[in-house]
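Here the structure is laid out as structure tokens; the discussion comes afterwards.
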Number of protein chains: 2
Amino acid sequence: MSDSDDTESGRRRHATIVEVADRAGVAIGTVSRYLNGHPVRRGNREQIEQAIGQLGYRRNAIAAAMKADLTNTVGFMVPSLSEFHAPVLEHLSRAMRRVGRALLTYCHDANPASIADALDFFVTHRVDCLIMDGRNDVDERILELIGNGTPVIFYDNGWPGLPVDRVLVENRAASFRAVTHLLDIGHSRIAVLTGNIGDWTGGERFEGYRQALLGRGIEINPDYVLDSHWYETEAYSGMLRLLSLPEPPTALYCCNYNMAVGALRLLREHGLKVPDDISLVSFDDVPLFQLHDTGITAVAQPVAKIAETITSIMASRLSDRGLSHAPHTITLNCDIILRGSTRRLITPQALGSR
Amino acid sequence: MSDSDDTESGRRRHATIVEVADRAGVAIGTVSRYLNGHPVRRGNREQIEQAIGQLGYRRNAIAAAMKADLTNTVGFMVPSLSEFHAPVLEHLSRAMRRVGRALLTYCHDANPASIADALDFFVTHRVDCLIMDGRNDVDERILELIGNGTPVIFYDNGWPGLPVDRVLVENRAASFRAVTHLLDIGHSRIAVLTGNIGDWTGGERFEGYRQALLGRGIEINPDYVLDSHWYETEAYSGMLRLLSLPEPPTALYCCNYNMAVGALRLLREHGLKVPDDISLVSFDDVPLFQLHDTGITAVAQPVAKIAETITSIMASRLSDRGLSHAPHTITLNCDIILRGSTRRLITPQALGSR
DNA sequence: TTGTACGCGTTATCAT
DNA sequence: ATGATAACGCGTACAA
């Protein structure tokens, strides 16, 4: 057999366009045009198709990418594949398939070095676009990508300021509504487990909490505000601290899913019931919350919509490159899913104000 | 500025190795050697580093890949980013970073066309390796990859037969132990919600159930065996059917997480309690199961170990290509996590046998 | 050690 | 519509 050869790397060499052209008795230009859907004379087309079949020819997208400066590859980087990020990735992946691209996926460790590693990979592999959770500590490599015209899209997080597109949700307003719900049913001692206050998202969610309370004339009690940095473990210990307060809260607002899990775990181990002993509302809606006992009232982020929006921004950026519009920031709405994790409280004040 | 140029695509052109060589006053061969860590004369090295800095040069991994026939890119394809696959992907992603690779991620729709699309992408983009959930319906493209020496690694599923490496878990034995636990505490009317019986994994998990029952001399009651095809929705309706049986089961074995969620949802809507009204054991251990009321007894798959094993198989395949060893099948152990979802049943038989 | 020059597989341009 | 040929950016023999 002379159709295939072995390379020193132990991999069988792929047939090339040149071999196809030879066997079909046409020029490589003709084959290239055939491959790219341009018109080709009927007889030639048949010859080419036959040659391709016989040789098992497969287009080398790497070579094409080098020529076209387009890899059809999109960088995707998140801190973890949590219950929030995993569905986003799944939706994105399906959307990308529709436009003939795929995602180069990286999980960073939230430390600068790992982020730098990932970005180096993306830059050197010439991704067409970069999608990532917004960071505050901006790596120079992100600026580099922006500088050479690669669209960068943040989602979920990240301060305004950097010239990138952003797909965010109405964190502050949704938090406000969630906490207001607790106020409406009579709670005033409401604690919060916040994400990194330094993050835009963490700050906004806290701010919604703050405004809701202040709006009802309730002062913020520092003992009720615990920065658990988005982590389950810190929420777990934070919850313990809340319970040991002389006047523990009657309700709890968790700024993400992980922290709700931490809090629930501790409550469970201490034999405390939601909502009998404490009411609970959380950001992020996950299967767990539908099934947990009475169900957990939660803020549902529009995951599918987030992925769609990212995809369409990418498409428009990629179609008219060069014309660089100002960056967009798109803010999507959240739904509050009411379940059974909150209990109406009849407070002395409430009775008095009737 | 003449340092940078604009391409017609609207993207700024990257500096090349040639420009670096020019500016550094050395030959491109020298720059290339410098980049790849080969020895270079001190003075030259400094010149090169300076030039790289000034030009903002970044190695073009695409061009390198074309030359080396190595993309440092690994295909990853799964049906969804479920609570099982997402953590596997996360672990894999981190492991890949350590070896300078990244995953091209695809979610297929379990239909042949979408799988073919993904495989086409992988083949044309010349991934160094392919990692996927094992399929029974083998696409010709998988054979093509194998044929040209690209390692293919199945996990989670897939019939033996195809010459690929496999990383599986002891589905049958773990199922056997899980069901045996139910038997030990007095249950004999045990129903099962199975995954696709046609899948290897689905078949094995069912087989473990079957053998456990037969081992105790209990015949398989067809009414108690429902093929829910891994889906939550089908488990939901299947559960309904079980409850309407003249003699409903006292215990339920769910062959994956999704189906457990479906069953739990229906039970909840019907006001039935686990384990008071029915005992439950499930495959897959997820946060939900830790927190659900009394906790759900579950079979925990060794997710991190799965990812590690895949990575090391990949490494060895890639290091000595050419020498094609016979394919490995590695079977990992599962743990059974006992929680509160099963209730000891005092049956007449049990009393009699004392 | 360094420089030169060719090849990797495509696409695109220019005549024909 | 087709054929010949020049890029694309890098790695690497080979000669110096």
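Chain naming here is simple, since letters A, B, ... match the order of the sequence lines and numbering starts at 1 in each. Note: hydrogens, waters and symmetry copies are ignored here, and every other heavy atom, side chains too, is used. Only a predicted model underlies this, so the values are computations on that prediction, with no experimental measurement involved.
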### Contacts of Asp120(A) that satisfy side chain to side chain donor-acceptor pair (under 3.5 Å) - sequence neighbours left out
Arg141(A), Arg58(B)

### Task
Begin with the C-alpha distance, continue with both residues' side-chain angles, and end with the deciding distance and a verdict on salt bridge (Lys or Arg N to Asp or Glu O under 4.0 Å) for Arg13(A) and Glu19(A).
CA-CA 12 Å; Arg13(A) 217 178 53 70; Glu19(A) 298 168 54; 2.6 Å; yes

### Message
Less than 3.5 Å apart, any donor N or O on the side chain of Asp133(A) or Asn157(A) sitting next to an acceptor on the other?
### Response
no

### Message
Can you see if the side chain of Thr30(B) gets near the phosphate of dG3(C) - specifically, an N or O under 4.0 Å from OP1 or OP2?
### Response
yes

### Message
Pairing donors with acceptors under 3.5 angstrom, does anything connect the side chains of Thr30(A) and Asn44(A)?
### Response
no

#### Entry: Nearest-Å distance for atom pair OH/P, residues Tyr34(B) and dC10(D)
14 Å

### Task
With a 4.0 Å heavy-atom cut-off, tell me which residues in residues 39-49 of chain B come close to DNA chain C, sorted by residue number.
Val40(B), Arg41(B), Asn44(B)

### Task
Rounded off to whole Å, could you give me the NE2-to-P distance for the His125(A) and dG9(D) pair?
16 Å

### Side-chain donor-acceptor pair present, Thr150(B), Asn148(B), cut-off under 3.5 Å
yes

#### Entry: End-to-end axis angle, where each axis spans five pairs of the helix from dT1(C)-dA16(D) to dT16(C)-dA1(D), to 10°
40°

### Selection residues 87-120 of chain A - residue pairs positive for ring pair (Phe, Tyr, Trp, His ring centres under 6.0 Å), sequence neighbours left out
Tyr106(A)-Phe121(A), Tyr106(A)-Phe122(A)

### Message
Output one letter per nucleotide in nucleotides 9-16 of chain C: B when a protein non-hydrogen atom lies under 4.0 Å from the base, S when only the sugar-phosphate is that close, - when neither is.
### Response
BBB-----

### Query
How far does CG of Leu318(A) sit from SG of Cys129(A), to the nearest 0.5 angstrom?
6.5 Å

### Message
Quick check against the 3.5 Å criterion: does Asp199(A) have a side-chain atom that pairs as donor or acceptor with the backbone of Thr201(A)?
### Response
no

### Validation row: Thr329(A), Asp165(A) side chains within 4.5 angstrom (heavy atoms)
no

### For Arg94(A), salt bridge (Lys or Arg N to Asp or Glu O under 4.0 Å) partners two or more places apart
Glu90(A), Asp109(B)

